[in-house]
Chemist: 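Attaching a single structure in structure tokens format; questions to follow.
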Amino acid sequence: MQRFGKDFLKILDYLILTARKTSQNQQLGERMGRGRGSSLEFADFRRYVPGDELRYVDWNVYARLGKLFVKEFSQEQSVNVALLVDTSNSMSYGNPAKMEYSLTLGAALGIVGLARLDRVQCFRFSGHCEPLGEPLRGQQRTAELLDELGSLEPSGPTNMAQAFRELAENLQGKWLLLVLSDFYDHEHYAEAFRVLRSPRFQTRAVHLIDPQELSPLRSSDQELVDLETGLHLPVEPGEATLRAYQEKFSRYLEDLEQFFRRSGIRYVKVLTSMSLPEVFLELLGRRGILERR
Amino acid sequence: MMKLGNPEALWGLAVAVPLVWLHLRPKRRSARTVPALFLWSRVPEGSRRHAFRWPLERPLSLGMCLLVVGLLAVALSEPRFETPGDPPTDFYLVLDGSIRMLGRTDRDLPGFQAAAEKALGYVSAMGAEDRAAILAAESSPRMLCPLTGDRILLGKTLGEYRPSWAKASLEQAVRWIRSLSSERPRRVVVLSDQPALPVQSEGEGSEVEGRLQGLSLTNLGPREVERVSVGTLPGEIVLGETEVKRELGSPRFSYRTAVQNRSARGQQLRLRAVFQSEPLSTLEFDAPPGAVTWREVEIEQPEGGTLLVELLSDDAFQEDDRHYRVVPPQIRFRVIVVCDEPVRPALEALLGSFPLAIDREGSFSMSAEDFVQEPPSLGPVDLVILDGGSVERALPEGNYLILGTGGSHLPVRRQDRLRQPKVTVKPCREELGKIEMNPELWREFQVSQGWLVAADSDDQILLESPLGPLALGRSDSRNNIVYFGFSLEESNLALLGAFPVLFRGILRWIAFQRGFLPREDFTVGRSLLWSEQALPAAEARIEGLDARGVFGVWSWSREESRGMFSWTRRPGWYRAQGYEARTTCAVNVETPTPMQAPSTQPPYEPLPPAPRRSPRLYDLAPICLAVALAGLFSEWLLYRMGLT
């Protein structure tokens, strides 16, 4: 996991994870809720009804108008953020490994959530989904967040449907789901995200792609070994094979993008060769996963 | 029948073993990890045709590599096919060494260069196991290069040779080659410009074949005299110094010589210049007894070749002008030992052990007192071995070996008592003083004349050499006394071993000085080989100086340094005895034309058929290598272009 610089941490201070207000819970946070609460920010006046606390009555208005009005203040809420990190073996591919990049990215997103007093909980998934610890809240828990993410190692094949099913069963309440994965589960990803199509969940999909996956270097290798399954595939080394692979890969990316668009899931592709500030400021901001505070 | 010139190269076939092993080794496909396989398309095994792989995995490529390796190994082994009737041959290339070959040919090329080109053609056409020797037919055959297969050495020898002799002994050279025994068939090639060779070509397969034709003496160019060899004269006629002068570009030159008649009667002499048996000019003159006369012959000779200048005495004036020969007289040495007891018996025993041609019956010993009172009559070659300490009177005319003159017994001290002879080197020093030379040349002159190398004067030799035994020879022509000094007592073992050589040299030198031996026979330098174990340095010194007639061995110290005291000839007059009188003046025809590169075309006639040689696969080696490299490069190029 990379170390964050001061400048980058300053950037994180100005960001907030985008979430629908309906998904916010009642726990105190730094997000303005729809309802009225007890924050210091004035929201509106309403007519006094019996039972209201007299300390909220605006006496100046009463003196001017002769009617009792009560001041209402905004409600400050927080969001439950679930960081879902793909730990399948395919994430160990690339230089730097996609796993390492995803942990760094997840840590940065987690820091943003903790800074905004969101409840951040980390999950790992490959064949199954497991929480890494208790939900964390507040900047003082940043170290625990980093420890949890730092302990992750890639292992096992991907089964997103199974993993997300288990996740949906275990999560209570409303959650903002940040999925960091390479989505090499072409048979189950649709089913998996169908499970998450619930009003309780807002899902963000971050697709991590190594540049070598986009345009692999040509070599004389005659066999390919699957990182997850260990299966061998004889191939014909050459330009034609590479061209066919690139066509298939781009088609696969288009299918993913189309699926997420149809599913209403915000989807972003991140090349592991990009720097984190670039990712945060350009891609995440445009895709609506992050926003300025 | 195939033979290999370099069979070690067949070890290169061992390279095929790792190649085959690489081909047969278990194939392991190179694998590459990818995050997922579903994006890659599986290719059936049978359809994989255009993959770039290690070339040896293909049987065809392996076969090509094995073929190239095999061809290279076989080619480097230099195979050749020989028939039983084509055994290795020895070539004898006989070059005409006469200066006629300096003349230019019709191709404006000197004859010797044309001959060298022709000989190079033979050398280049030789087979791998053939050998060639180069002989120069000069006044006598001379081996320039012995039998060898080294073409570079042969070519170098041919390029360096320049003819400079009066005549070429082609017939003698061929006869000499025929006398050699050899298991191989021989081919003698005579390269000469003589219009009528003394040896006739005997056709293909015979011993003598090949002839250089078409040469003629034209366009001679500037000439100058290069060599003057002086022969001997009969009787008492002494031929002195000779000068030959000629201006460059001029056909006229002069031959000037000094002649002295030492006989008791006057003689009529004839000086005649001959070119190719045709007399050019003749000068007749009278030579009174004892007088030295200088005579000069003007000769006009426009063509190159050999001029013979003959000096004939009236004894030789026969009608047919044939020269007569004098048989050397039988030399009878007598040795008279003059010494007292107890040295005499030991000395007699020592002399008796010498395997020399001493007339033992005429030799005798006597005491010093008897010798002083009644000296015996001495012949011209009789030698008196004299103990220097036992004689105190003037010596009569004769030859003396004075013992005990080395080491602490200095001859000068002895001569005080002897009074006669007085050892002096003045005449020689006066003659040497006439010659103006720089110090280096002066030193060389001393060496060539046989003087002690490290001595400034002969007085020092005699007076200031107390450290070792001294042997010294000297001729006093005025008193006609020849005497030597030697100390047996002071001599070390090496010098004692060399004493027989010294003694033999003394006798022969006496014979020479007294006119009983021609100079050519007076060589005793090789005789010191008898004691080469004792005096290797002295032997080497003799060879280096080309010294002849070593009379004594001198050493400055007994253990460390040894020197050689040799005395071959004196400057001045030659004394001749016997043999025909002939003086040869060779007119050298120099050419400023540098040696030209041998042409590939034969200059005058086609080369004789070269020994059959099979085409060597060695020439194909670069082609095979280039083909293999081109194949690999094309495969790599196709792969880079994505066509495979």
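What you see is a predicted model; the values in this text were computed from it and never measured. All values below come from the heavy atoms of this structure, side chains included, with hydrogens, waters and symmetry mates left out. Numbers restart at 1 for each chain; the letters A, B, ... are given by sequence-line order, proteins then strands.
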Chemist: Between A:Asp147 and A:Glu144 (side chain of the first, backbone of the second, donor and acceptor by atom type, cut-off under 3.5 Å), is there such a pair?
Modeler: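 No, because the side chain of A:Asp147 does not come within donor-acceptor range (under 3.5 Å) of the backbone of A:Glu144.
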Chemist: For the residue pair A:Phe249 and A:Tyr184, categorise the inter-ring angle as parallel (less than 30°), tilted (30 to 60°) or perpendicular (more than 60°).
Modeler: tilted
Chemist: Specify which of A:Leu227, A:Asp210, A:Asp185, A:Thr158 makes the most heavy-atom pairs with chain B at under 4.5 Å.
Modeler: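 It is A:Leu227.
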Chemist: Can you say whether A:Glu187 sits under 4.5 Å from chain B via the side chain, the backbone, both, or neither, judging by heavy atoms?
Modeler: neither
Chemist: Examine whether an atom of A:Gln212 lies under 4.5 Å from a heavy atom of chain B, and if so say whether it belongs to the side chain, the backbone or both; otherwise answer neither.
Modeler: side chain
Chemist: Pick one of side chain, backbone, both or neither for A:Tyr252, based on which atoms fall under 4.5 Å of a heavy atom in chain B.
Modeler: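 Answer is side chain: those atoms of A:Tyr252 sit under 4.5 Å from chain B.
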Chemist: With side-chain contact (heavy atoms from CB on, under 4.5 Å) as the test, pick out the partner of A:Ile289 among A:Thr18, A:Leu176, A:Leu15, A:Val268.
Modeler: A:Val268
Chemist: Mind telling me whether A:Phe260 and A:Tyr267 have parallel, tilted or perpendicular rings, with 30° and 60° as the class edges?
Modeler: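 It falls in the parallel class, under 30°.
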Chemist: Is there a side-chain contact between A:Leu177 and A:Phe164, using heavy atoms and a 4.5 Å cut-off?
Modeler: no
Chemist: Quick check on the interface: out of A:Ser92, A:Pro216, A:Ser88, who has the most heavy-atom pairs with chain B under 4.5 Å?
Modeler: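 Top option by heavy-atom pairs under 4.5 Å: A:Pro216.
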